[in-house]
Amino acid sequence: MRKHIVAGNWKMNKTFEEADELINDIKDQLEEITLDRNTQVIICPPFPFLEMATDYSEESYFAVGAQNVSDQESGAYTGEVSAAMLESMELEYCIVGHSERRAYYHETDEIVARKVDQLLKHGISPIVCCGEVLEEREANRQFEVVKKQITDGLFHLTAEQFANIIIAYEPVWAIGTGKTATPEQAQEIHAFIRGLIAEKYGQAVADETSILYGGSCKPGNAKELFANPDVDGGLIGGASLKANDFIGIATAF
Ligand code: PEP
């Protein structure tokens, strides 16, 4: 049975003290609830707070992920963080190809593919983002756009490698805007993505792949989004910065 996943992408938010407080709040709230045994909670703080998060995670129910990784192995790449470094910190997950990285840092599908390769080489599960911008949705091009992102970013992998991939469908027009895809829109494209995976790797691999929804997901709309058969959880931005909201989403299955 594929996992339900709720992953919090903190983006470039919080100071050291604020991060400490938020992680502690999440940890305390996780102790008070009973999570579905099939649900994995992941927090993805900025790089400087990863060690703090992994320390706390040892005595809690959440796992830790990074928000980015270099597409290079090591060496003279000032400011970059390698997959080997993340592995040495025992990180289990890393977000790749977020629309903000694609838009502001020119992360192409080819770069996404190299980052995915680096992560898999170092035993880290990539959470690979895809999704169309508003003009593409208005032109009904979302299927074509997502197909290209997934094909070029991921379909060079073997089926065995692909088994470690988590996909996050995030319509760019819904990220941080307060506009959410309707449950029907989310289900339609999640089913389409699962169909692409089935065509390439077979139904069994497709059935085991967790496909998350991202884009203004909140406690108030998570339940109806997660109720869809092909929506296996969420990648959460803004609402992951408040423990109550984040835990409210993690318990929405
Ligand atoms: C995100 O950036 O991955 C995201 C889903 O953000 P928000 O929840 O704030 O829309």
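Heavy atoms only: backbone and side chains are in, while hydrogens, waters and symmetry mates are out.
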Indicate every side-chain donor-acceptor pair of residues 239-247 with a distance under 3.5 Å to a residue at least two apart or in another chain.
unit_1, atom_1, unit_2, atom_2, d
Ser240, OG, Ile236, O, 3.3
Ser240, OG, Gly237, O, 2.7
Asn244, OD1, Gln29, NE2, 2.6

Between Gln142 and Glu136, does a side chain to side chain contact (heavy atoms under 4.5 Å, CB included) hold up when you go through it step by step?
CA-CA 6 Å; Gln142 63 272 23; Glu136 292 163 339; 6.0 Å; no
Under 3.5 Å: donor-acceptor pair, side chain of Thr39, backbone of Leu35: no
Margin query: Please determine whether residues Leu235 and Phe253 belong to a single hydrophobic cluster, defined as Ile, Leu, Val, Met, Phe, Trp and Tyr linked transitively by side-chain heavy-atom distances below 4.5 Å.
Written below: no
When rounded to the nearest 0.5 Å, the distance separating OG of Ser82 from CG of Asp71 is 11.5 Å
Test item: Lys121 and Glu87 side chains (from C-beta on) under 4.5 Å apart, heavy atoms:
no
Quiz item: Taking the side chain from Asn228 and the backbone from Leu225, do they hold a donor-acceptor pair closer than 3.5 Å?
Solution: yes
Item to complete: Please examine the side chains of Ile23 and Asp20, heavy atoms only from C-beta on, and report whether any two atoms are closer than 4.5 Å.
Response: no
For Glu110, does the CD atom sit with more than 12 other heavy atoms under 6.0 Å from it, leaving out its own atoms? yes
Rounded to the nearest 0.5 Å, the NE2 atom of His122 sits from the CG atom of Leu91 at a distance of 13.0 Å
Same apolar cluster: Val146 and Tyr213, side chain cutoff 4.5 Å: yes
Exercise for review: May I ask you to check whether Tyr201 and Phe155 place their ring centers less than 6.0 Å from one another?
Suggested key: yes
Taking the side chain as everything from C-beta on, heavy atoms only, tell me whether Val64 gets closer than 4.5 Å to Pro45.
yes
Next on the checklist: Could you go through Arg101 and Asn68, starting from their C-alpha distance and side-chain angles, then the distance that decides it, and tell me whether this counts as side chain to side chain contact (heavy atoms under 4.5 Å, CB included)?
Outcome noted: CA-CA 9 Å; Arg101 297 218 54 92; Asn68 186 28; 3.1 Å; yes
Contact check, side chains of Asp117 and His156, non-hydrogen atoms, under 4.5 Å
yes
With a 4.0 Å cut-off, would you call Glu21 and Lys14 a salt bridge?
no
Item to complete: Under the salt bridge (charged side-chain N to carboxylate O under 4.0 Å, His left out) rule, what do Glu59 and Lys27 come out as? Steps first, then yes or no, please.
Response: CA-CA 9 Å; Glu59 35 186 92; Lys27 183 171 161 292; 3.5 Å; yes
Q | 4.5 Å side-chain heavy-atom contact, Pro126 and Leu120 | A | yes
Between Ala181 and Ala174, the two heavy atoms sitting closest are N-CB, 4.4 Å
Correct closest heavy-atom pair for Ile42 and Gly65 would be CG2-N, 3.9 Å
ILVMFWY cluster, Phe16 and Met12 together (side-chain gap under 4.5 Å) | no
| field | Check against side chain to side chain contact (heavy atoms under 4.5 Å, CB included), His4 and Phe226 | value | CA-CA 9 Å; His4 286 159; Phe226 297 174; over 6 Å; no
*Do the charged groups of Arg141 and Glu132 touch, with an N to O distance under 4.0 Å?*
no
- Query: Are Phe143 and Glu188 close enough, and set up right, to give a side chain to side chain contact (heavy atoms under 4.5 Å, CB included), and what steps lead you there?
  - Reply: CA-CA 10 Å; Phe143 299 105; Glu188 182 184 39; 3.6 Å; yes
Is the shortest side-chain N to carboxylate O distance from Lys115 to Glu107 below 4.0 Å? yes
* Asked: Is it true that Ile124 and Ile127 fall in one hydrophobic cluster, defined by side-chain heavy atoms closer than 4.5 Å?
  -> no
key: Thr15 side chain to Glu18 backbone, donor-acceptor under 3.5 Å   = yes
Do the side chains of Tyr169 and Phe192 join up, straight or via other hydrophobic residues, at under 4.5 Å, putting them in one cluster?
-> yes
Between Asn164 and Ser125, is there a side-chain donor-acceptor contact under 3.5 Å, judged purely by atom types and distance? no
So NZ of Lys11 and CD1 of Ile95: to nearest 0.5 Å the spacing works out to 9.0 Å
Does Glu31, at its CD atom, have more than 12 non-hydrogen atoms belonging to other residues, nucleotides or ligands within less than 6.0 Å? yes
So CG of Asp152 and CD of Gln149: to nearest 0.5 Å the spacing works out to 9.0 Å
Donor-acceptor contact below 3.5 Å, side chain Gln67 vs main chain Cys44 | yes
Min side-chain heavy-atom separation Val69-Leu86 under 4.5 Å
yes
Value for CD1 (Ile165) from OG (Ser210), rounded to nearest 0.5 Å, stands at 11.5 Å
**Message:** Can you confirm whether Ile43 sits close enough to Trp10 that some side-chain heavy atom of one is under 4.5 Å from a side-chain heavy atom of the other?
**Reply:** yes
**His98 side chain reached by Ile175 side chain, heavy atoms, under 4.5 Å** = yes
Quick check: does any side chain N or O of Ser60 sit under 3.5 Å from a backbone N or O of Ser57, one acting as donor and the other as acceptor? no
Side-chain (Arg102) to main-chain (Gly97) donor-acceptor, under 3.5 angstrom: yes
CD (Glu170) and CG (Leu212) are apart, to the nearest 0.5 Å, by 8.5 Å
Residues passing the side chain to side chain contact (heavy atoms under 4.5 Å, CB included) test with Glu138, sequence neighbours excluded, are Leu134
* **Neighbour count >12 (heavy atoms, 6.0 Å) for atom CD, Gln72** => yes
Contacts satisfying salt bridge (Lys or Arg N to Asp or Glu O under 4.0 Å) that involve residues 191-208 (not counting sequence neighbours) are Arg194-Asp230, Arg194-Asp232
